[in-house]
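Worksheet: one structure, shown below.
Hydrogens, waters and symmetry mates are skipped; everything else that's a heavy atom, side chains included, is used. When a residue number appears, it is its place in the shown sequence, counting from 1.
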Amino acid sequence: MSRNISKIPPRLILIVAGVLLLVLLVHLAGVALLRYQAEKLLHPALPRGTSIAEAHVHLFTGVLEVKGFELRRDGLQRIRVGSLYLDISPWRLLRGELHVEQAELDRTYVRVDRLADGSFDLGLPPFTEDEQAQTASPPIAFSISSATLRRAQLQFNDGELTSELLVNELTIGGFSTHSESPQIPLTWDMHWDGQRIAGDAVVGLADTQVAATGKLSTGLLDLGRAQRLARQELGLNGRLGFDGSFDWDGRELALAGEVQAPELAYRINERRVELGGARIPGFALALQTEPAIVVQLEAPPGSHVETWITELEGQQVQGRALDVSGSVRYRPDLVAVSDANYRFQEVSWQSGPRGVKASGVGITGDLEQSLAGDTPFPAVDGAVTATRVQYADSEAALDIALQDLQLQDLRLSQLDEDGKRQLSGTLSIAASEIDQGPTALAWSSAEAVLGGQVGKAGVDILTSLDINGGRLSAPALAHGPMRLERLQ
């Protein structure tokens, strides 16, 4: 009796072997095609002078791993990537589409040199004509779900000026070139020249416009250094820190939060202003850049400036321990303050031999400071108070000491064409004294109605005067000081 031997196992073996061979061929073909497409798409970004320590491509998982990427030129390391991890869709890549599920770069270094003509050199050698033709080819469709940059270092050199940006972590959310107006979420934590910059934002791209809204927290950034790095001369120096929110649409910037400035100095035309120990919590700022720069600042109660100095044509005004609140509007020719409430512990003015020192000063109302004129004092519509005011003119041997000064309904205009300012208001003063050489006038109280003009050539402002408890002493009074119960 013959044995019945089944033919199925050999066929099964052949089928399995065929499938495995087919899979192997597909894998090899897929790797070859994937490598061809990857080189075709990425080669323009990999110029001569690059080296890669390791590179691994996993076809079915769509993972690309690169370690030890480096670009050197003229013996200097220009770009280094410790590791690159890409989780891509390989089948989309075969269709000319690049979709990245996840991208991670770690331990990256980039050196950027700024040339004399203002251009930037990243150390990339020039492309050949073939590379330029590939670079100029139509862009591929690109999308990404998530990208993370960790431990990155950007070194910037401009002559002898060097700056360093250290990125602890930068995360980029979803983005696609298919979208007409993509919204890209970002988070970052970095240090610029030792000062932390952290925050998050959503960046919108529409045509050529860029918009962003989010939160930002910084250390004390060096504004003068930032200008030098940008090769800009804005006349602004000092350190500034911010913690709050921002909204930028390409033409207007809105900020809200807290600002600190241990020192800040700026120059507008011939006017120099210095601030020290400034802190403005809960402020709001709106900046318009077109057609001209306009700034609107809301300073809430609790805003404080420790020191303030302004200089113009030999005149200097200084203030100490200033508490401020109000709304400030800036344009290139004017600074206007509305609903102002300024409290100075001390304030002084000096112009050659003449000077004023005041303590316990309060200013309320509206102020306008012209930036086109030549006066350090603003136009005022409000009230001024001071616990003590001292005026001295060494050339005229004149000294004035006023106590408890109250200047109400004050109106002081801007300079007119004749170099004069219109002044009006009511003035009350407690016990005070005026000395000029051996002559002295003192009183227990005084009230005056002011009206007239203040100019460089002189002062003509007194309309009426009422003095109580007066006392006049002078060498010409042979019988001693003259007492005046009341003088009108």
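For the pair E164 and Q153, the minimum side-chain heavy-atom distance is below 4.5 Å. Residues W192 and L229 meet the side-chain proximity criterion, which asks for heavy atoms closer than 4.5 Å.
In this structure, L402 and S432 approach most closely via the heavy-atom pair CA-OG, 3.2 Å. Scanning both residues, W443 and A430, for their nearest heavy atoms gives NE1-O, 3.4 Å. Annotation for G224 and N237: closest pair CA-OD1, 3.3 Å, computed over non-hydrogen atoms. Shortest non-hydrogen contact noted between L367 and A340 is CD1-CB, 3.5 Å. In terms of heavy-atom proximity, T171 sits nearest to E169 at OG1-OE2, 3.7 Å. Considering every non-hydrogen atom in both L220 and P262, the closest pair reads CD1-CG, 3.6 Å.
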Quiz item: Step by step, would you call Q315 with Q350 a side chain to side chain donor-acceptor pair (under 3.5 Å)?
Solution: CA-CA 6 Å; Q315 302 181 67; Q350 191 71 40; over 6 Å; no

Quiz item: When you look at D381 and R411, which way does the salt bridge (charged side-chain N to carboxylate O under 4.0 Å, His left out) test go after all the steps?
Solution: CA-CA 5 Å; D381 184 358; R411 287 177 176 82; 3.6 Å; yes

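With R196 as reference, D189 is the one residue of N168, T218, D189 to meet the side-chain hydrogen bond (donor to acceptor under 3.5 Å, both in side chains) rule.
Between E104 and Q102, the side chains place a donor N or O and an acceptor N or O closer than 3.5 Å (distance only, hydrogens not considered). Side-chain polar atoms of Q195 and D193 form no donor-acceptor pair below 3.5 angstrom. Of the N and O atoms on the side chains of T364 and N341, not one donor lies less than 3.5 Å from an acceptor on the other residue. No donor-acceptor contact under 3.5 angstrom links the side chains of Q260 and R279, judged on distance only. A side-chain N or O of S327 and one of E298 form a donor-acceptor pair less than 3.5 Å apart.
Using the six-membered ring where Trp is involved, F283 and F242 have ring planes that are perpendicular, over 60° apart on the 30 and 60° scheme.
Put simply, CG on D323 and CD on Q345 are 9.5 Å apart, with the number rounded to the nearest 0.5 Å. Taken from OH in Y109 to CG in L154, the straight-line distance is 9.0 Å, to the nearest 0.5 Å. If you take CD1 on I293 and OH on Y330, they are separated by 6.5 Å, rounding to the nearest 0.5 Å.
Annotation for D339: atom CG does not count as buried by contact number, only 12 or fewer foreign heavy atoms lying within 6.0 Å.
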